[in-house]
Structure formats: C-alpha cells, structure tokens
Number of protein chains: 2
Amino acid sequence: MAATIRDVARLAGVSASTVSRALSLPEMVNAATRARVAAAVEQLGYEPNRAARGLITGRTGTIGLVVPDLANPFFAGVAKGVQARARRHDVAVFVADTDEDPAAESGLVRALAKQVDGVVLCSPRGTDDELAAIAQDTTVVLVNRAAAGLPGINYDNEDGMRQAVAHLVALGHRRIAWVGGPASSWSTQHRGVGLRNAVQALHVELAPVGNFAPTYEGGMAAADQVVATGATAVIAYNDLVAIGLLARLHSRGISVPGDLSVVGVDDIAMSRMARPALTTVRMPKQEAGRLAVELLLSLLDDPDAAAAGTVPAAATYEDLHGELIVRDSTGPALGRPGA
Amino acid sequence: MAATIRDVARLAGVSASTVSRALSLPEMVNAATRARVAAAVEQLGYEPNRAARGLITGRTGTIGLVVPDLANPFFAGVAKGVQARARRHDVAVFVADTDEDPAAESGLVRALAKQVDGVVLCSPRGTDDELAAIAQDTTVVLVNRAAAGLPGINYDNEDGMRQAVAHLVALGHRRIAWVGGPASSWSTQHRGVGLRNAVQALHVELAPVGNFAPTYEGGMAAADQVVATGATAVIAYNDLVAIGLLARLHSRGISVPGDLSVVGVDDIAMSRMARPALTTVRMPKQEAGRLAVELLLSLLDDPDAAAAGTVPAAATYEDLHGELIVRDSTGPALGRPGA
DNA sequence: CTGAAAGCGCTAACAC
DNA sequence: GTGTTAGCGCTTTCAG
C-alpha cells in the first residue's frame, strides 16, 4: 500500500495539515519542520494521491487531447508535442482518437471533459456550434482550426501557400493546379484563400481540381484531373495526397519534376523518403502541440479570462509559420500546354 | 457546477446510496425506483465523478500506455488500438512517450503507475530487472517484449522470418542478407533466431550485416554493406530500414528487385507508397494494442492471479501472427555472384 | 506557525 | 430494498 499523508505526518511528528502545507505552500511552514517533513516524505517514498487532491481542489492535473487519427503522422507529431510539454508541467494527458468520425467527436469530448481540467482539440471536424457547446463544459484550446471566440494555435496557411507559389513561379510555372482536402476542413479553406491571393499577386493561373480525401488514395484519385488541367505544377492539400499523386503520375509515365512539379504540405517523415523527394511546406507539428499546452495551462490559471472569453489577445492564438522545404519534386517548368 | 449524486438522490426522492446502487448494481434495486433514479440522472445530466469513486474503490478506470516514440508509425498503430479498445471498456488512457530515452523510461512509468490501474509497456528498452521492479508497483502488460514472468503480447517473429525466407527461396535466392536493428532490441534477437532456423531448414545462406538504427537513416547506412555481401536478397529489421535501403540502392543504380530483392517488417503505411512497393511481413499493430488492453483488464479483474504471477497460461501472452505481404520489391533471383 | 475539524463525491458495510 | 453511517486521502478554513 502506498504511504498516505498521515503516515508521513506520524513519522514527522506533525499533523497531516502541516504535511500538506509543507508540500504545497512551503513558505508557510517553519524551515525545521519543513525539513522533518521532507525527510519523512523521502523515507516513505510518499507521493500525494492526485485523485484525492483533485476532489477538493477541483483540479485533476490532467488534460485531454483529441485527434482525428493517431496513425496520421501529422497528428502523431502534435500528440508528441502535447505530451512532452504537459509532462514538463507535471500534467498527465488523456489521449482520444475519434477515428475520423465527426459524429463520435462531440460525445467523446464531452465524456473526456468530465475527467480533465481542459482539452486540446486538434483539427476538430465538428461545427462551430458544437465546439462552442463543448467550450461551455470545459476549457478548450483548438489546434489547426479557428472557431469564433475559441483560443487556438493555428498555422499561417496563407503565407505557406504564398511561399509555395512564389517558388513555383520562380521556376517558370504559370499555371498551378490545386488539390484541396475535405471541403469542411478549415485548412483546405484557408489554403485555398492563400493560393488565390498568391496567384493573383504574381499574375499566374490557379486550377483547382476539387476536394479529395486527405490520403494517399485521395492523391491517386486526383492525379488524372490534375494532368487534365494542363498545369505544369500542382500543390496538394498535404504530403500524403502529394505522394499519392506521385505514384499515379509515375504509373502514367509522367515525369516529376520533368513534366510536372509537385508540392505537398506538412513535411511528414515520408516526404523525404518519397521518390523524387517531395518539396513541401513544413508545418511545425510538435511546436503546435507544445504551444497548445502552454496556452491551455495559462487559461486554467486565469479562469476568469477564459470564462469571459477575454483572454489577452497575445495569448488567444498563435499563428505558426510554415517553411518551404525544397526537394526534388519541383523543377523548372518545361514546354507543356499552358506553361 | 456538475450535478452530484446527492442532487440526483434529492430529485429522485431516494438516498445517495440508492442512486449509487441503481447505477452500479441495478439488480439490487426495485425496478420502479430504478426508473425514478434513471429519470433524475437523465434530467440532471449526471455523471459520477471518477476521482471520487476511485478514492474508495481503489480503481481509477484509467490505464497508462508508454511508447518509445509516438511519431513512429508502428507505435502509433499500437496506441490507436489500445485507445480504441480501452474506450470500449469505458477506460481512459494516459499516454506517455519516452522519446526513445531508456533512462527516462523507468521514472516515467513509476510516476504514471500512481495514477492508473495498470500500464501497457510497448517495446520497453529497460532491463528485465527494471521491468520486474515496475511490475511490483503496478499491473504491467508488455507489448513486443518478453521478460520473465511478465504477461505480454508478442509477435511470432520466428514464423514471420520463416515466411520471408521461404518466399525468397521460392524466388531462387540462395544467399540472403539480414540488417538487424538495435542489438538490445528483443525483436532483433528473435528475428535473428528465426532467420537462422529458416535458412538452415531451407539450406540457404544468411549474411548478417550487423546492427543499425531502426530508421530510414539506418537503412541508408546499411545498404553498401548489404551489397558487399554478394547476397541477392535482403531482409531488413523493419520497413523504415528497408525504405532507407531502397533509397541508397537507387542512388547507386542497383535495381530492386532486378539486382536485389528487399523485404521489410511491419507493413507501415509508407511501405505501400515506396517505389518499388515494399514486400513486408505485416505485424498487426492495432490488434496488439487491443489484446494488450484485454489482457490488462482481465488481470485487473483477477488481482490474485496477477500478483502471484499465476495468470492462466492462455492469458499470459499471445503470439500474434505476422503475414507476408508480397509487393514489387521482391522478384526472381538473377545471376549475381552468390546466387 | 501548527493542529483540529470539516468535507470534496462517492461506495460499502451495516442496520432496518 | 433502502437509508444511515463511516471513511477513502487530501486540503482548507478556523482557532489557537
């Protein structure tokens, strides 16, 4: 049986309340007694029972993390960041995977909410209203999704797209295809906006080919439509899609980057291993997770602000900057129709 | 404020204990009162506070999962399985990532142990003694690692290697290189044994090229040594290594499978996307996670057995069967030296 | 600065 | 079948 606070108290010859204070408000207790308590704690290997503490303080020392799919390298990266930073704060992390099921999401989060101090929702698929409802129950920090009034960590998708377009234009491309992800996805929308702004500013053409699953298969499915646009370059929703494109283009004997340049987004590990290696916009995944934890914990420490939605502007959200990683899948535009 | 059991009791016109019973031992309470309680629960949206319950029952309804690296697709798969199955049992999962740091592992697990009913340790790097010490603190189930007396879920590595060798031999290969993973890795050792048995049984040669990091870079590093063995086929520790091999062989102008056949292990998503697509031994990742949860929960329900190490043999461990997935990276042996 | 007492929300004996 | 009582391990008034 683990030692309790009373065991420590008895051994140190003090009361339980003194032990409690010595541990949480050290200044409030005499240095000598504090030392005796410390010795007893050491000797017994005492660790306070967090459940018992939580019962009275109302804080569990636990946060929740909800992701659509742990097996997706992007989310795995975020989870790693969340987890590492939480540990630094001595906070435990409940992880839940919705399996890309938007219907399950809300219920899952509600269930989680009862057991944690707050939750990090990564790329939630729910509607803004659903998210708002969840935020009634518990403190929420969003990652990779903006919803009115909710604090979150986001990527500067517009700028990432600008970098990708600038790179392609510098290579001589004048017509760029765009393979969007799920229509409901917040990043699809923002990448689309960034793309339209960028092509307009640089006086080139954008050829959107619609919305596809954010997977390898989605890329395979999109490839032929991309070719049909006559574009000499294509930007894909993410690296998985870009790698799917690569595969199908290869089967069709279309050379990358000879005939078509391909750009992805995320810089998952696989991108380096693709052939040709994939040019991509690196989105700092772990960093997003770390920042989300910091933001969440700061909200928890200042519940008034969080409740009123009056989080200091600086802390409300943070736009993470993507970085273009140039690899072999992009090269100079050659004389294809539309070039 | 969330409703408490007393709010429900008041609303239903019964005592708190009756509510408690209606929820956990429904048979012990009159159908009529049970209905009244149910209605009150419904109306108030009551959910029992798990921390409070845990304080008295000694069970937290939470398990821990410790993995070396969440960003590794193999562990992500296991985590997904653990997480999904735990949810089915209404059990929450604390996830901790040791960041491949064996030194951090033990401390991390001990800290976790205080807050959970039991832990799943996936591919732990610690020594058998360290694991035994952890098992003193809490109920442990191992995944992908056998240690004396501890229950666990493992893969039948011997058989997986046998399948891979049989496949290669059928293709006419007579000399097979083996790129091992970390020497301390349990699976490296067992795959080595399986390999030696298989080549012996089939009267072909094995050419081990040493131990490499279980990564893409490890594969890159091993490639030239593999070529130097004169083997016509190579089996890599895992898919990441195999994909690294593929990359380096490609740079050197060595054709796969024309000059050399390559086999990986795990069947991570990336394998399908490699070029040529990678022949591999599929290790059921999520399945391992699910079984680990089932095993852990069954141990928790039968603490005597767990404590005494007298788990029924059938439940002690399970050997998961790998399945050879043949793709384009393996083909008939051609006339190379040693063939 | 320290101790006694109360109680967080819940379940488990024990009565009725 | 149901209510009463006690107490899980801890923190927090409130006295002193």
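Within every chain, numbering begins at 1; the chains are lettered A, B, ... in the order of the sequence lines, protein sequences first and strands thereafter.
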Verdict with supporting geometry, Arg59(B) and Asp301(B), salt bridge (charged side-chain N to carboxylate O under 4.0 Å, His left out): CA-CA 11 Å; Arg59(B) 289 277 292 262; Asp301(B) 284 341; 3.7 Å; yes
Salt bridge (charged side-chain N to carboxylate O under 4.0 Å, His left out) between Asp99(B) and Arg87(A), intermediate numbers included: CA-CA 12 Å; Asp99(B) 229 0; Arg87(A) 182 151 69 241; over 6 Å; no
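Between the CZ atom of Arg50(A) and the C1' atom of dC10(D) there is a distance of 14 Å, rounded to whole Å. Per the geometry, CZ belonging to Arg10(B) stands 19 Å off P belonging to dT2(D), to the nearest Å. Look at CG on Asn49(B): it is 13 Å from C1' on dC8(D), rounded to the nearest Å. Atom NZ in Lys114(B) sits roughly 16 Å away from atom C1' in dC10(D) (whole-Å rounding). As a whole-Å value, the separation of Leu44(A) CG from dG9(D) C1' is 15 Å. With rounding to whole Å, Met28(A) atom CE is found 13 Å from dT11(D) atom P.
At distances below 3.5 Å, not a single donor-acceptor pair connects side-chain atoms of Ser20(A) with backbone N or O atoms of Ala16(A). The backbone N or O of Pro284(B) sits less than 3.5 Å from a side-chain atom of Tyr155(B), completing a donor-acceptor pair.
In plain terms, the two heavy atoms of Val120(A) and Ala292(A) that are nearest each other are CG1-CB, 4.0 Å.
Residue Arg145(A) holds its CZ atom at 15.5 Å from CD1 of Ile153(A), rounded to the nearest 0.5 Å.
Using a 4.0 Å heavy-atom criterion, one finds that Ser24(A) contacts no nucleic acid atom at all.
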I'd like a table of atom pairs between the protein and nucleotides 4-7 of chain D - only N or O on both sides, under 3.5 Å - with the distance next to each one.
unit_1	atom_1	unit_2	atom_2	d
dT4(D)	O4	Ser17(B)	OG	2.9

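Annotation: of the two residues near DNA chain C, Leu25(B) and Leu55(B), the 5′-most nearest-nucleotide partner is Leu55(B). Each of Asn30(B) and Arg53(A) lies near DNA chain D, and the nucleotide nearest Asn30(B) is the one positioned closer to the 5' end.
Partner of Thr139(A) under the side chain to side chain contact (heavy atoms under 4.5 Å, CB included) criterion, out of Val116(A), Asp117(A), Leu295(A), Leu296(A): Leu296(A) alone. Tested against Leu112(A), the residues Ile63(A), Val66(A), Val95(A), Leu65(A) include a single side chain to side chain contact (heavy atoms under 4.5 Å, CB included) partner, Val66(A).
Electrostatic pairing of Lys114(B) and Asp137(B) does not count as a salt bridge here, judged by no charged N lying under 4.0 Å from a carboxylate O.
On the nucleic acid side, DNA chain C has its first and last nucleotide under 4.0 Å of a heavy atom of chain B at dC8(C) to dA13(C), going 5' to 3'.
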